[in-house]
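Here is how names work: the chains are called A, B, and so on, in the same order as the sequence lines, proteins then strands, and each is numbered from 1. These numbers come from a predicted model, not from an experiment.
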There are 2 protein chains.
Amino acid sequence: MEYYKKDSDILLAIDCIIFGFNGESLEILLIKRDFEPERNKWSLMGGFVQSDEAPEAAAYRILKQLTGLENVYMEQCSVFGEPNREPNDRVVSICYFALIDTQKYKHILSDNYEAKWFPLQQYPKLIFDHDQMIAAAQYRLRMKAALYPILFELLPEKFTIPQIAALYEGVYNIELDKRNFSRKLLSSGLIIKLQEKDKENSKKGAYYFKLNTAIYKEKIMSFLRYLPSWSLET
Amino acid sequence: MEYYKKDSDILLAIDCIIFGFNGESLEILLIKRDFEPERNKWSLMGGFVQSDEAPEAAAYRILKQLTGLENVYMEQCSVFGEPNREPNDRVVSICYFALIDTQKYKHILSDNYEAKWFPLQQYPKLIFDHDQMIAAAQYRLRMKAALYPILFELLPEKFTIPQIAALYEGVYNIELDKRNFSRKLLSSGLIIKLQEKDKENSKKGAYYFKLNTAIYKEKIMSFLRYLPSWSLET
DNA sequence: AAAAATAAATGTTTATTTGACACTAATTAT
DNA sequence: ATAATTAGTGTCAAATAAACATTTATTTTT
């Protein structure tokens, strides 16, 4: 028995905005699309939701298929469904944004997949409304990260304070006073100092830290502000 | 020419979580569903996206049709698309939350439509996953309102400080120190004192204020915090 | 080997904001 | 007149933020 009038022929798609951090700036992972229309153009990772599949499951499956990435932080972000956002069919796309530590997956990505990182400031022309999707994801990321310490998802197990600072600077496109930032971060108890130092990026070397997972889980729903109050403006 | 394999038969729906504020507590607007399945059960305002219609346009149309409401603040919130969230068809629903001033639309709602306000704390059993939708909308509202002064959308043109305080208390389910709250709000420059007083709700009467729309537009994208730092926890 | 350069880490000081609390003011009910 | 109620203003100590200075560890240069 059919309950609803089936007057639509809508395809449900997923697009993933994958944010990565290379230690200096924020990047997004793009792929050369391998099917029509717009084959061979740059696009977000995307695919269709199968008939027996939940959107979130589809997002993880697509991410896995196209990049080999698993167990990454991912969050639903927004839906794009203008009638003519794609030329030939009515495709409604649910966007997810993912946060990944680029180091951790470096080998996976470079070896087997046709994905490429681009600076968030400067990526190639994308198909359809994928620019808007990125903008929406960025907005959402900024909002979420203003309240919850999710940006740690973008960092390796071991990270340095200058790295986190650079990350926040990249996400909000601001310049932080590293001294005040560092003090605030340390006093939060969110990170634990290790003995080892990172000698790659400076002469003196910077101590590695790791997340205090106990506090992280507690604070993930709390109201830590690492940002100066003006940083969400415009 | 068909570009994509059409192996899905997905219906795209909209559900609206309509928040209202009655001066004391937060409420949501529910409706007795007038079609199968689940006819006559309480549900969110919902409907289907037409084949030539953008989701946002559909949301406004549905809101208008079911409640007569127009020009209200509305924001996309999240998508529910589990394969079996409805029994007979695969319906993917995009949720929007709306903020309305209940006074302003009181006559519209009571006269012509079968919608009813319920306290957010205590509403009837709803169909499908509408409970989850409300929870998601509430979370989103809290997050957004922690950063931007959108809660003013829930208030009439003229409002009193005790009203705003009650509103914040309702949204976050907390108790505020009215004195500190008031000081912070006044110093923001966001509200302008009027001469008139509201004598309805107290013996002494409370001064009315109106929004400073100039500052409101500026601050809508800024980082005002009216909340104590612990209020987003759990 | 000493000096300069670099970036990390820690320290200092002042202004601002917060949070906790007390009081005064305007009105109505008794 | 007095009590009761809620609005609105005031005070103060503690915490936080913002601005700025110095020290430390290391490498590079001379």
Side-chain angles (χ1 to χ4, degrees), chain A residues 23-24 146-147 149 155 158-169 172 174-210 219 222-233, chain B residues 23-25 146-147 149 155 158-170 172 174-210 219 222-233:
Chain A
E24 289 195 344
L147 300 177
L155 294 170
K158 297 183 305 189
F159 49 81
T160 67
I161 290 184
Q163 274 169 15
I164 318 178
L167 175 53
Y168 273 86
E169 292 182 327
Y172 292 97
I174 54 175
E175 198 159 334
L176 291 168
D177 183 312
K178 313 299 183 300
R179 301 164 289 191
N180 292 336
F181 179 81
S182 167
R183 175 155 32 84
K184 201 185 287 194
L185 185 54
L186 285 167
S187 74
S188 75
L190 200 62
I191 59 175
I192 297 168
K193 192 178 196 170
L194 305 177
Q195 286 317 304
E196 197 184 351
K197 272 189 169 183
D198 163 38
K199 301 280 200 169
E200 301 269 299
N201 299 297
S202 78
K203 297 173 180 179
K204 179 174 176 182
Y207 279 106
Y208 279 119
F209 289 78
K210 64 174 183 179
K219 294 251 171 174
S222 103
F223 205 109
L224 255 189
R225 293 204 308 136
Y226 297 117
L227 298 170
S229 52
W230 39 267
S231 58
L232 276 190
E233 309 224 353
Chain B
E24 290 194 343
S25 61
L147 300 177
L155 294 170
K158 298 183 304 187
F159 49 81
T160 67
I161 290 184
Q163 274 169 14
I164 318 178
L167 174 53
Y168 273 86
E169 292 183 327
Y172 292 97
I174 54 174
E175 197 159 334
L176 291 168
D177 183 313
K178 312 300 183 300
R179 300 164 290 191
N180 292 335
F181 178 81
S182 166
R183 171 158 41 86
K184 203 186 284 195
L185 185 55
L186 285 168
S187 74
S188 75
L190 200 62
I191 60 175
I192 297 168
K193 193 178 196 169
L194 305 177
Q195 285 319 303
E196 197 185 352
K197 271 189 169 182
D198 163 38
K199 302 280 200 169
E200 300 270 298
N201 299 296
S202 77
K203 299 174 178 178
K204 178 173 174 182
Y207 279 105
Y208 278 119
F209 289 78
K210 63 174 183 180
K219 296 251 171 173
S222 102
F223 204 110
L224 256 189
R225 292 205 308 136
Y226 297 117
L227 298 169
S229 52
W230 39 267
S231 59
L232 277 190
E233 310 225 353

Interatomic distance where [atom1] belongs to [X] and [atom2] belongs to [N] [whole Å]:
X: B:Leu194; N: D:dG8; atom1: CG; atom2: P; result: 12 Å
X: A:Phe181; N: C:dT10; atom1: CZ; atom2: P; result: 15 Å
X: B:Asn180; N: C:dT16; atom1: CG; atom2: C1'; result: 15 Å
X: A:Arg183; N: D:dA19; atom1: CZ; atom2: P; result: 12 Å
X: A:Leu185; N: C:dA9; atom1: CG; atom2: P; result: 12 Å
X: B:Asp177; N: D:dA7; atom1: CG; atom2: P; result: 13 Å
X: B:Tyr207; N: D:dG8; atom1: OH; atom2: P; result: 8 Å
X: A:Asp198; N: C:dA7; atom1: CG; atom2: C1'; result: 12 Å

Closest heavy-atom contact between [X] and [Y]?
X: A:Glu169; Y: A:Leu176; value: OE2-N, 2.7 Å
X: B:Tyr207; Y: B:Gln195; value: CE2-O, 3.3 Å
X: A:Glu196; Y: A:Lys158; value: OE1-NZ, 2.9 Å

Would you mind building the protein contact string for nucleotides 23-30 of chain C? One character per nucleotide, 5' to 3', B for base within reach (heavy atoms under 4.0 Å), S for sugar-phosphate only, - for untouched. --BBBS--

Does D:dT9 have OP1 or OP2 sitting under 4.0 Å from an N or O in the side chain of B:Lys193?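 Yes, because at least one side-chain N or O of B:Lys193 sits under 4.0 Å from OP1 or OP2 of D:dT9.
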
Hey, does B:Asn201 have a side-chain heavy atom less than 4.5 Å from the side chain of B:Pro162?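 A side-chain contact under 4.5 Å is absent here.
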
Taken in chain and number order and not counting sequence neighbours, the residues that satisfy ring pair (Phe, Tyr, Trp, His ring centres under 6.0 Å) with B:Phe159 are B:Phe152

Within a reach of under 6.0 Å around NZ of B:Lys178, are more than 12 heavy atoms found that belong to other residues, nucleotides or ligands?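 Yes.
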
Looking only at D:dC20, D:dG8, C:dT10, the nucleotide nearest the A:Ser182 side chain is C:dT10

Can you name the residues that form a salt bridge (Lys or Arg N to Asp or Glu O under 4.0 Å) with A:Glu24, not counting sequence neighbours? none

Any donor-acceptor pair under 3.5 Å between the side chain of A:Asn201 and the base of C:dA7? no

